[in-house]
Each structure stands twice: as structure tokens, then as C-alpha cells.
**Q** 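Right, I'll just put the structure down here and ask away after.
Sequential numbering from 1 along the given sequence is applied to the chain's residues. We use all heavy atoms of the structure for the numbers below, so side chains are in, but hydrogens, waters and symmetry mates are not.
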Amino acid sequence: AMVFASYLVAGVWGDLFPSQQNPGVLFDLIAGLSAQFAAVDAARRLEKLRKLSESLSEEAAKVNLQLLYRLRGILPVWILGAAVVGGAFVVSGFPANYSLLQRVLMVSPYVYWWFFMAAFIWIWMYSMYKVYRIGKLPMKLAPFTEDRFLGLKPFGAASLRLTVIYIVVFSTASLPSVILGIAPLHGLLFIVIFFLLAPILFLLPLLPLHAKLPAAKRELSAIVGPRYTLAFDHFRKGGSNPSDEKTVIEFVAIDKIQRDIQQIHS
């Protein structure tokens, strides 16, 4: 509605219907709505992860998520995006015969629209950062006999889901303008930068989680290793017959434990 109104107020209503921007408006509407639902979903998932982390670490109760719901986090992303993308469209996104006022009027709906995208982007980035911070806390991990991920799988799964949602929402918002050829060069650069954030912020929360898994492997191996050494040393010195049932059971049990330890995901 704001896009149509901007054409009318700018006095270029006749250019609306043959405009290349028309197909993009539908995708922008879908992206704007999707961004709002995705932002709510991301916030809820982060809250669930914090509650889960509280059961694994006493320090998790100190994790503060207030900034997740503060406007001061969204505003810088909104201002940056509106200035870069909106400015790029004002300079080179419309026919050369449009005046500066007409260009500003026609960009204004997208400045408003970008607020919802900025809210989602901020919540996504903040969520990934907080998952990273939670992952660095000392945790009481689940027994490897019950879970090969030691209870950390929900964190990795959340990181993956948030990244996929981000890529889908941002692709819906940006790729139509690229395909239609209406995205200015500055806008393309901005789009590329935000796409590059996806793999970086996907890997960020996984780094401290990954460190915990090999560390748990080493710790458990250090416990089992001496026991295996003692059993083999006793066998080597002739204290047990190779066919001794007790010796065989001990070797098999230790071997099974070692194999289970090595199956801990890393």
C-alpha cells in the first residue's frame, strides 16, 4: 500500500504498472511477514536454550537477554540498512528523469519495511552471539553412555535452524531485486555482506561446543587408559591365562568402553 501511495504522491502513477519493481513488492511483503514470525521464533528458541543451559551450568542463570527486546539493538541495523540500501536506490535505482524528492518518496516505503528486516537480523545475530556465550560456560555434560552429543545437540541444532531461517528470509527479501536487475551496485555489496554473515555466525556458536566434546573424549580416555594398561600388564606378566574367562571379560569390557568413548561426536 505504501509503495502504491508513493507512486501516486510522487506523481509517477503511470510508471507503476510497467515498472520492474512490481513483482518484487510481493516478495518484499512475504519477506516482511516472514521476518516478523522468524524473529519471534528465534527469540523463543534462545529463551529455551537459556533454560536448558541452566540445567547444565549454574552460571547460565546469569545470562542476560534483555538487549534481545530493546530497540537500541535494532536501531543501528535499521539505520545502516536504510542508509546504504535506501541511499543506493535514491542515487541509481530509479529512472534518471525522476527528481530527488520523487526518489526519496518512492524509497520511503522500503525504509519503513527495512525496520522489520532489521529487527529480525538483529535478533538473529544477537541469538547466535548468546548461544556462543552460553557454549563457553562450564557445563555438567550428559553421560556419554546416554548421549553421544553429551547433551549439546540442541545448541548445534538451534544454530543450524536459525541460520537456515536467516538465509530463507534474506533470500526472499533480496534475490528478487537481483534477478529483476533493479538492485544498485551498493545494494548488491550490502546483500553479499549480509549473506556472508550466515556461515560466520553459524560456526561461531559451535566453536566452544566443539571444544567441549574432544575435551570430554580426552578426559574419559585418561580414566580408561590406565585401567587397560594394568589389565594388559597383568596379562603380560603371566598372571592370567589367555583363556581365563575373567581376563577375557575385562578386556572386552574395556574395549567396549573405549569404542563408546570414541563415538562421542566432535
**Q** Carefully, step by step, assess F194 and L197 under the rule side-chain contact (heavy atoms from CB on, under 4.5 Å).
**A** CA-CA 5 Å; F194 270 88; L197 281 176; 3.9 Å; yes
**Q** Considering non-hydrogen atoms only, spot the tightest contact between P214 and A211 and give its length.
**A** CD-O, 3.6 Å
**Q** Please test M117 against V169 for side-chain contact (heavy atoms from CB on, under 4.5 Å), starting from the C-alpha separation and ending with a verdict.
**A** CA-CA 9 Å; M117 298 301 300; V169 172; 3.8 Å; yes
**Q** Applying side-chain hydrogen bond (donor to acceptor under 3.5 Å, both in side chains), name anything that partners D255, two or more places apart in sequence or on another chain.
**A** R259
**Q** Is there a chain of hydrophobic side chains (I, L, V, M, F, W, Y, each step under 4.5 Å between heavy atoms) that links L150 to I223?
**A** no
**Q** Side-chain heavy atoms nearer than 4.5 Å, only ILVMFWY residues, links allowed to pass through others: does that put W78 and L71 together?
**A** yes
**Q** I need the minimum non-hydrogen distance between L201 and P205, along with the two atoms involved.
**A** O-CD, 2.9 Å
**Q** Stepwise, does the side-chain contact (heavy atoms from CB on, under 4.5 Å) test hold for K136 with L207?
**A** CA-CA 9 Å; K136 293 191 70 174; L207 295 177; over 6 Å; no
**Q** Are M106 and V3 close enough that some pair of their side-chain heavy atoms sits under 4.5 Å apart?
**A** no
**Q** How long is the straight-line distance from CG of N64 back to CG of L67, given to the nearest 0.5 Å?
**A** 8.0 Å
**Q** Side-chain heavy atoms under 4.5 angstrom apart, residues restricted to Ile, Leu, Val, Met, Phe, Trp, Tyr: same cluster for V90 and I79?
**A** no
**Q** For M128, which of I123, L204, T163 qualifies under side chain to side chain contact (heavy atoms under 4.5 Å, CB included)?
**A** T163
**Q** Of all the heavy-atom pairs spanning L213 and H265, show the shortest one and how long it is.
**A** CD1-O, 2.9 Å
**Q** Taking the inter-plane angle between the rings of Y132 and Y129 on a 0 to 90° scale, is it parallel (under 30°), tilted (30 to 60°) or perpendicular (over 60°)?
**A** tilted
**Q** Mind listing the closest non-hydrogen atom pair of G135 and L209 along with its distance?
**A** CA-CD2, 3.9 Å
**Q** Heavy-atom count around Y112 OH within 6.0 Å, excluding the residue itself: above 12?
**A** no
**Q** Could E47 and R50 be called an ion pair, given the rule that one side-chain N must be under 4.0 Å from one carboxylate O?
**A** yes
**Q** Would you say S57's side chain and E54's backbone share a donor-acceptor pair under 3.5 angstrom?
**A** no
**Q** Hey, are the side chains of D260 and T145 touching, using non-hydrogen atoms and a 4.5 Å cut-off?
**A** no
**Q** Kindly indicate, with the supporting measurements, whether the criterion side-chain contact (heavy atoms from CB on, under 4.5 Å) is fulfilled by T172 and S34.
**A** CA-CA 9 Å; T172 306; S34 300; 5.8 Å; no
**Q** With a 4.5 Å heavy-atom cut-off, do Q36 and F120 have their side chains touching?
**A** no
**Q** Is any side-chain heavy atom of K48 closer than 4.5 Å to one of P154?
**A** no
**Q** Would a hydrophobic clustering, with Ile, Leu, Val, Met, Phe, Trp and Tyr connected at side-chain separations under 4.5 Å, put L46 with L160?
**A** yes
**Q** Would you say that more than 12 heavy atoms from the other residues, nucleotides or ligands in this model lie under 6.0 Å from the CZ of R148, or not?
**A** yes
**Q** Any chance you could measure L220, atom CG, to I257, atom CD1, to the nearest 0.5 Å?
**A** 10.0 Å
**Q** Scan for salt bridge (charged side-chain N to carboxylate O under 4.0 Å, His left out) pairs involving residues 212-224, sequence neighbours excluded, and state none if there are none.
**A** none
**Q** With rounding to the nearest 0.5 Å, note down the distance linking CG in L152 to CZ in F149.
**A** 9.5 Å
**Q** Count I, L, V, M, F, W, Y as connected when their side-chain heavy atoms are under 4.5 Å apart, and connections chain through other members. Are F155 and L65 then in the same cluster?
**A** yes
**Q** What's the spacing between M2 CE and Y110 OH if we round to 0.5 Å?
**A** 10.5 Å
**Q** Write down the atom of W114, the atom of G81, and the distance for their closest heavy-atom approach.
**A** NE1-CA, 3.3 Å
**Q** Looking at OG of S174 and CZ of F27, how far apart are the two atoms once the value is rounded to the nearest 0.5 Å?
**A** 11.5 Å
**Q** Where the side chain of S159 meets the backbone of F202, is there a donor-acceptor pair that is under 3.5 Å apart?
**A** yes
**Q** Taking all non-hydrogen atoms of both residues, which atom of I74 and which atom of W122 are closest, and how far apart?
**A** CG1-CD1, 3.7 Å
**Q** Flag the pair L49 / K130 as yes when at least one side-chain heavy-atom distance between them is below 4.5 Å, and no otherwise.
**A** no
**Q** At what distance, to the nearest 0.5 angstrom, does CG of L162 lie from CH2 of W124?
**A** 8.5 Å
